Each structure stands twice: as C-alpha cells, then as structure tokens.
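Following: one structure in structure tokens, then a few remarks.
Predicted model, so just to flag it, every value in this text is computed and none were measured. Here, residue 1 is the first one in the sequence, and each next residue gets the next number.
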Amino acid sequence: MLDALTVATAVAALALAAWCGWAAYRDQSTKDWHFIGMAVVTLLTLVQLVVGIVQLARGEKPEQGTTIFVSYLIGAFACVPAAGFMSLAERTRWGSITVAAGGVVLAVLQVRLYDIWGG
C-alpha cells in the first residue's frame, strides 16, 4: 500500500469527522458543503481501492491475507457514502453525528489496512 495515501485518507476522514462534529455541536444537519467533503474523502478511498487491487494484481501480497485486505478496502470505500446516505434520512444534528462517526470509523479502518498490509 502507499503509506502517504493511507495517511492522507485517514487525515481527511478525521477532518471530515471534526467538521461534522462541529456542525452537530452547533445543532446543524449536514449541508451541501459537508457532502462535498464526503465526496473528496470517498474519492481518496476509491483511489486507495484501485491502488490496492493493482498491487494485488501485480503479485504483491498483504501479510495477513488477501481476503481480509480486500474486505477492508471495500468496507473503507463504503463507509463514508453509507454515513452520508444515513445523514440524508436524518436531517437533524444526528445526521451530522452519523457522518462524524463514519469519518472516525474510516480513520480506524485506515490504520487496520496499514496493519493488514504489513506496516
């Protein structure tokens, strides 16, 4: 895996979590700007998914197994969009809290992906 991409994705996810947490603290739902932030984070996870699959196709192997690695890649890719869709259903501060939680979960998944690959 590309360490810089993993760190960038984790930092962007934590920034999104802090931003949506701040909105929740101010009793606001997710706004259009939050969805732009979610799109940026999702784009980073898409790049990471493609890079991971390309590395697997080139013959590189994660330390802890290919199946668990691919599962975590897919889970990381789906994490923020799932939280975003859930926040659309809950147009209160709890929608912002949901996205903030999704950002924290994504950051944790990045750490776990790094460990699975052999970091």
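- Residue I116 comes nearest to G65 through the heavy atom pair CG2-O, 4.3 Å, listed as atom of the first residue, atom of the second, then distance.
- Residues I68 and R112 are in side-chain contact: their nearest non-hydrogen atoms beyond the backbone lie under 4.5 Å apart.
- The side-chain contact (heavy atoms from CB on, under 4.5 Å) test applied to V11 returns V7, not counting sequence neighbours.
- Grouping the Ile, Leu, Val, Met, Phe, Trp and Tyr side chains by contacts below 4.5 angstrom, directly or via other members, places L113 with L46.
- Counting heavy atoms from C-beta on, the side chains of P62 and L56 come closer than 4.5 Å.
- For the pair G21 and A100, the tightest heavy-atom approach, listed with the atom from each and the gap, is N-CB, 3.8 Å.
- There is no side-chain donor-acceptor pair under 3.5 Å between R26 and S96.
- Between the OG1 atom in T9 and the CD atom in Q110 there is a gap of 5.0 Å [rounded to 0.5 Å].
- To the nearest 0.5 Å, atoms SG (C20) and CD (Q28) are separated by 10.5 Å.
- If you chain together ILVMFWY residues whose side-chain heavy atoms come under 4.5 Å of each other, F35 ends up grouped with L16, W19, W33, I36, M38, V41, V80, F85, L88, V99, L106.
- Inter-residue side-chain proximity for W117 and E60 is flagged as met; some heavy-atom pair is nearer than 4.5 Å.
- Here the CZ-CD1 distance, from F69 to I74, works out to 10.5 Å after rounding to the nearest 0.5 Å.
- Put simply, the side chain of E90 does not reach to within 4.5 Å of the side chain of T98, judged on heavy atoms.
- Between I53 and L49 the shortest side-chain heavy-atom distance falls below 4.5 Å.
- A pairwise comparison of heavy atoms in L44 and A8 identifies CD1-O, 4.1 Å as the closest pair.
- When every heavy atom of Q48 is checked against every heavy atom of T6, the shortest pair comes out as NE2-OG1, 3.4 Å.
- Under the 4.5 Å side-chain contact rule for hydrophobic residues, V108 and V111 do not share a cluster.
- Going from atom OH of Y114 over to atom CG of D3 covers 5.0 Å, rounded to the nearest 0.5 Å.
- Nearest heavy atoms, A13 versus G103: CB-O, 3.4 Å.
- One distance of note links OG1 of T45 with CG of L109; it measures 10.5 Å at 0.5 Å rounding.
- The shortest non-hydrogen separation linking I97 to A24 is CG1-CB, 3.4 Å.
- In terms of hydrophobic clustering, with Ile, Leu, Val, Met, Phe, Trp and Tyr side chains grouped at heavy-atom distances under 4.5 Å, M86 and V104 are assigned to different clusters.
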